[in-house]
Structure formats: structure tokens, C-alpha cells
Colleague: 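The structure follows.
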Amino acid sequence: MVRENNLIIHMQDVCFSYPYGGQTILENLNFKLQKGEKLGLIGHNGSGKTTFLHIIMGLLPVSAGIVRILGNEVRTEKDFRVVRQKIGLLFQHADDQLFSPTVLEDVAFGLLNLGKSPAEARELSLKTLEQLNLKGFENRVTHKLSGGEKKLASLATVLVMQPRVLLLDEPTTGLDEATKERIISVLNNLDISYIIVSHEYDFLSRTTNDICTMKDGQIIYNGDSSMLHTHYHSHKMGKVSHEHHNGPI
Ligand SMILES: Nc1ncnc2c1ncn2[C@@H]1O[C@H](COP(=O)(O)OP(=O)(O)OP(=O)(O)O)[C@@H](O)[C@H]1O
């Protein structure tokens with residue numbers, strides 16, 4: 001049962017289209033994320049999953065509807081500045097997240113911005129890098145990292161801020177199996193709410209509790225994410241990504 005005072009994200013009749021005559025991406029979308037909820041969001045390429053995450057962060061303005069975060073309606077850039085201190089977004093493309101010359105500078109950036117001392121920021125950053133198997137990466141040149149290393153460094157910039165909510169946009173892209181396992185373990189040890197957008201059902205079944213699909217501009221609840229797992233291993237389609245059109249997956 002949804003308890004209104006436990007709502008972290010609450011969207012009502014949200015609509016969004018990209019400017020200059022772009023197609024409608026979100027159409028009267030209604031969505032609730034409760035405290036402690038770990039949600040997987042799946043859907044076709046181009047269905048609007050990234051757009052949805054960017055709307056939560058205030059990176060894109062809704063054309064209609066109401067967005068409430070942590071109980072407050074958010075509309076202005078000032079409102080969303082507060083949101084960005086509480087919600088961490090891992091961008092789909094690491095190059096959108098990383099901009100400093102070295103990994104340590106990137107990871108420490110947000111902490112320094114918050115007023116942490118350089119020593120404190122360094123210590124927390126090194127700890128986070130170690131947590132993500134990136135020990136010794138602190139002085140590496142960011143733009144020379146591999147794709148998977150960039151993804152991990154991006155995740156470090158988000159986790160180091162100890163957000164109350166995480167939005168992860170395809171966090172496993174380019175990662176090897178061992179690194180994926182590391183991320184699964186990090187996520188399973190986090191006591192916060194998050195939304196993970198991913199096309200990797202097995203990963204979602206191990207990191208989330210519930211699954212939703214973005215379809216036709218709306219978010220539809222599919223059910224318990226363990227169903228993804230059962231489904232995966234018992235279904236004749238196996239690991240081939242596919243969709244069912246008659247009810248739950
Ligand atoms: N800046 C933009 N201007 C116009 N259209 C855009 C822009 N960004 C995205 N789109 C379009 O909006 C639609 C939704 O894109 P979005 O990236 O949100 O989808 P997605 O579900 O995250 O896709 P994927 O699974 O491929 O990452 C797509 O058709 C995309 O081409």
C-alpha cells in the first residue's frame with residue numbers, strides 16, 4: 001500500500017515533448033516511488049526512460065503536470081537545486097558526468113562544492129573509489145579511461161555524495177562480469193531508494209524489488225522483480241530481450 005508521507009517521488013499527469021515539434025515522450029504520466037523502494041525501469045529504446053530521469057532532476061522542464069520530490073512540489077531551478085543535493089543521477093553516458101582532468105578531482109568535486117575540506121573530500125573519495133574496485137585510479141587521467149572504467153568513475157562521483165535517492169541510467173553498460181558483481185553488492189548494501197534503468201534483466205532481478213515498464217508515454221507497474229529472474233531462466237526466449245503483450249511478464 002502506498003503511504004503518501006512515504007513518497008519520495010510523486011508525479012501526477014506529467015507531460016513532456018522535446019521542443020521544436022518533437023514527439024510526445026511522456027503523456028499524463030503518473031508515478032510514485034516510496035521510501036525504501038528499489039525499482040527497475042525497462043522499456044524499448046527511445047521509450048523515454050532517460051527523459052523521465054532527467055525530468056526528476058530538473059534537467060528538462062515538464063510541459064504539464066505536477067512533480068513532487070520528498071513531499072515538496074518542484075518547479076523552479078531553485079527548487080531543483082535542492083533536489084540535486086538529495087538525489088544522485090548516474091548519466092547514461094559517462095562523458096556527460098566526468099569533466100575534471102583526474103579521477104580524484106571528478107569524485108571530490110561535489111564534496112568540495114558542498115564545503116568539505118580538501119582532506120575530507122580526498123579521504124571520502126578514495127574510500128568510494130576503493131569500494132568500486134578503483135583503488136589506485138585517483139591520479140588517472142579521466143578522459144583516457146576505458147568505457148567501463150569511466151562508468152565506474154561516474155558511479156563514484158554519485159555515490160560519494162551519499163544521496164538519499166539514486167537514479168541509475170544503464171549502470172552496467174560496458175562492465176565485465178566481475179565489476180557487475182561488485183556493483184550488485186554495492187547496491188545491495190545501500191539502504192536507500194533507487195530507480196535503475198536497464199536492459200539487463202538478470203542484473204535488475206538481483207538489485208531491485210519491483211519492475212515497471214515505460215510504454216506509450218506512461219509507466220506501468222509489472223510486478224515483483226523476482227519474476228524477471230524466474231522468467232529469464234524458464235522461458236523459451238531465454239536471454240533474448242522480448243516483450244509480452246498480454247499482462248504481466
Ligand atoms: N534533445 C532531444 N531532442 C529531441 N528528441 C530527443 C532528445 N533527446 C531524446 N530525444 C528523443 O526522445 C525519445 C526518448 O529518448 P530517451 O533517451 O528518453 O529514451 P530511452 O528510453 O532512455 O532510450 P534508450 O533505451 O535507447 O536509452 C527518443 O525518441 C529520442 O530520440
Side-chain angles (χ1 to χ4, degrees), residues 9-33 37-65 67 69 74 77 80 83-84 87-99 147-148 150-152 154-155 157-158 165-175 180 183 187 193-208 210-223 225 228 231-232 237 239-245 249:
I9 299 169
H10 186 187
M11 291 193 177
Q12 287 172 288
D13 297 319
V14 165
C15 300
F16 177 82
S17 311
Y18 282 100
Y20 312 114
Q23 68 193 99
T24 300
I25 309 293
L26 307 184
E27 195 165 14
N28 295 320
L29 178 142
N30 289 292
F31 175 80
K32 289 174 177 175
L33 183 80
E37 198 172 353
K38 299 185 171 194
L39 188 76
L41 181 59
I42 59 178
H44 282 307
N45 292 130
S47 57
K49 303 177 299 296
T50 296
T51 303
F52 169 70
L53 297 187
H54 288 198
I55 282 175
I56 295 171
M57 299 300 282
L59 303 176
L60 294 169
V62 300
S63 34
V67 180
I69 312 269
V74 278
E77 174 57 22
F80 279 107
V83 167
R84 290 183 210 121
I87 301 185
L89 168 68
L90 178 78
F91 282 88
Q92 183 173 11
H93 304 292
D95 288 333
D96 291 335
Q97 197 122 32
L98 304 169
F99 48 83
K150 278 187 186 173
K151 197 81 185 175
L152 281 175
S154 298
L155 186 55
T157 70
V158 177
V165 185
L166 264 181
L167 309 177
L168 304 179
D169 200 348
E170 302 196 22
T172 53
T173 310
L175 301 186
K180 269 185 217 171
I183 291 191
L187 290 174
S193 313
Y194 53 69
I195 302 173
I196 304 180
V197 167
S198 178
H199 298 285
E200 292 203 40
Y201 291 178
D202 204 31
F203 173 76
L204 287 179
S205 78
R206 294 178 63 195
T207 51
T208 64
D210 297 295
I211 295 294
C212 285
T213 302
M214 174 74 76
K215 195 167 187 291
D216 300 331
Q218 312 223 331
I219 290 182
I220 304 148
Y221 178 70
N222 291 130
S225 60
L228 273 183
H231 176 81
Y232 229 167
M237 296 293 286
K239 289 201 172 196
V240 178
S241 178
H242 59 281
E243 244 181 49
H244 292 251
H245 297 283
I249 43 181

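Numbering of residues begins at 1 and proceeds along the displayed sequence. First listed ligand is number 1; within each ligand, the first listed atom is number 1. When reading the values below, keep in mind they use all heavy atoms of this one structure, side chains included, and skip hydrogens, waters and symmetry mates.
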Colleague: Please work out which of Phe16, Tyr18, Tyr20, Phe52 has its closest non-hydrogen atom nearest to atom 10 (N) of ligand 1.
Modeller: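 Ranked by closest heavy atom to atom 10 (N) of ligand 1, first place is Tyr18.
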Colleague: Could you walk me through whether Phe203 and Glu170 pass the side-chain contact (heavy atoms from CB on, under 4.5 Å) test, one step at a time?
Modeller: CA-CA 10 Å; Phe203 173 76; Glu170 302 196 22; over 6 Å; no
Colleague: Looking only at heavy atoms, is any part of Ile25 under 4.0 Å from ligand 1, and if so is it the side chain, the backbone, or both, or is it neither?
Modeller: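 Side chain only.
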Colleague: Give the atoms of ligand 1, by number and element, whose distance to some non-hydrogen atom of Gln23 is under 4.0 Å.
Modeller: 29 (O)
Colleague: Checking side-chain contact (heavy atoms from CB on, under 4.5 Å) for the pair Thr207/Ile183: CA distance, chi angles, key distance, verdict?
Modeller: CA-CA 9 Å; Thr207 51; Ile183 291 191; over 6 Å; no
Colleague: Under the 3.5 angstrom rule, does the side chain of Ser193 hit a backbone N or O of Val165 as a donor-acceptor pair?
Modeller: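 Pair absent, no side-chain N/O of Ser193 close to backbone of Val165.
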Colleague: Out of Leu60, Thr50, Asn45, who is nearest to atom 24 (P) of ligand 1 when you count heavy atoms only?
Modeller: Asn45
Colleague: State the atoms of ligand 1, each with its element, that fall below the 4.0 Å cut-off from a heavy-atom position in Glu170.
Modeller: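 It comes down to these atoms of ligand 1: 25 (O), 27 (O).
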Colleague: Are Lys150 and Asp95 within salt-bridge range, i.e. N to O under 4.0 Å?
Modeller: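 Yes, charged N to carboxylate O under 4.0 Å.
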Colleague: Against ligand 1, does His44 come closer than 4.0 Å with any heavy atom?
Modeller: yes
Colleague: Check whether any side-chain N or O of Lys151 sits under 3.5 Å from a backbone N or O of Gln92 as a donor-acceptor pair, and report yes or no.
Modeller: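 Between the backbone of Gln92 and the side chain of Lys151 there is a qualifying donor-acceptor contact (under 3.5 Å).
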Colleague: Return yes when atom CD of Gln218 has more than 12 non-hydrogen atoms of other residues, nucleotides or ligands closer than 6.0 Å, and no otherwise.
Modeller: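 Yes, because the 6.0 Å sphere around CD of Gln218 holds more than 12 heavy atoms from other groups.
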Colleague: Tell me whether Gly48 has any N or O atom under 3.5 angstrom from an N or O of ligand 1.
Modeller: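 Checking ligand 1 against Gly48, an N or O pair does fall under 3.5 Å apart.
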Colleague: Measure the distance from atom 25 (O) of ligand 1 to every protein heavy atom, then report the residue, atom name and distance (to 0.1 Å) of the closest one.
Modeller: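 Of the protein heavy atoms, Lys49 NZ, 2.8 Å lies nearest.
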Colleague: Tell me which protein heavy atom sits closest to atom 23 (O) of ligand 1, plus the residue, atom name and distance to 0.1 Å.
Modeller: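 For atom 23 (O) of ligand 1, the nearest protein heavy atom comes out as Gly46 N, 2.8 Å.
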Colleague: Any ion pair linking Arg206 and Glu200 (charged N to carboxylate O, less than 4.0 Å)?
Modeller: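 No salt bridge links Glu200 with Arg206.
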Colleague: Below 4.0 angstrom, counting only protein heavy atoms, does anything approach atom 28 (C) of ligand 1?
Modeller: yes
Colleague: Applying the side-chain contact (heavy atoms from CB on, under 4.5 Å) test to Phe31, which of Val67, Leu26, Leu39 qualifies?
Modeller: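 Among Val67, Leu26, Leu39, the one that satisfies the side-chain contact (heavy atoms from CB on, under 4.5 Å) with Phe31 is Leu39.
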Colleague: I need the atoms of ligand 1 closer than 4.0 Å to a non-hydrogen atom of His199, numbered in the order shown.
Modeller: 25 (O)
Colleague: Indicate yes or no for a side-chain donor-acceptor contact from Gln97 to the backbone of Leu89 under 3.5 Å, with no hydrogens or angles considered.
Modeller: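 Here the side-chain-to-backbone pair exists.
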Colleague: Establish whether atom 12 (O) of ligand 1 and some protein heavy atom are separated by less than 4.0 angstrom.
Modeller: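 Yes; the ligand atom in question has protein heavy-atom contact below 4.0 Å.
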Colleague: With heavy atoms under 4.0 Å as the rule, classify the contact between Met214 and ligand 1 as side chain, backbone, both or neither.
Modeller: neither
Colleague: List ligand 1 atoms under 4.0 Å from Thr51, heavy atoms only on the residue side.
Modeller: 14 (C), 15 (O), 16 (P), 18 (O)
Colleague: Which of the atoms of ligand 1 are close to Gln92, meaning less than 4.0 Å from one of its heavy atoms?
Modeller: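 Per the distance check, 27 (O).
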Colleague: So, the side chain of Lys49 versus the backbone of Gly43: is there a donor-acceptor pair under 3.5 Å, distance only?
Modeller: yes
Colleague: Taking distance alone, with N or O pairs closer than 3.5 Å, would you say Gly43 contacts ligand 1?
Modeller: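 So ligand 1 has no N or O lying under 3.5 Å from an N or O of Gly43.
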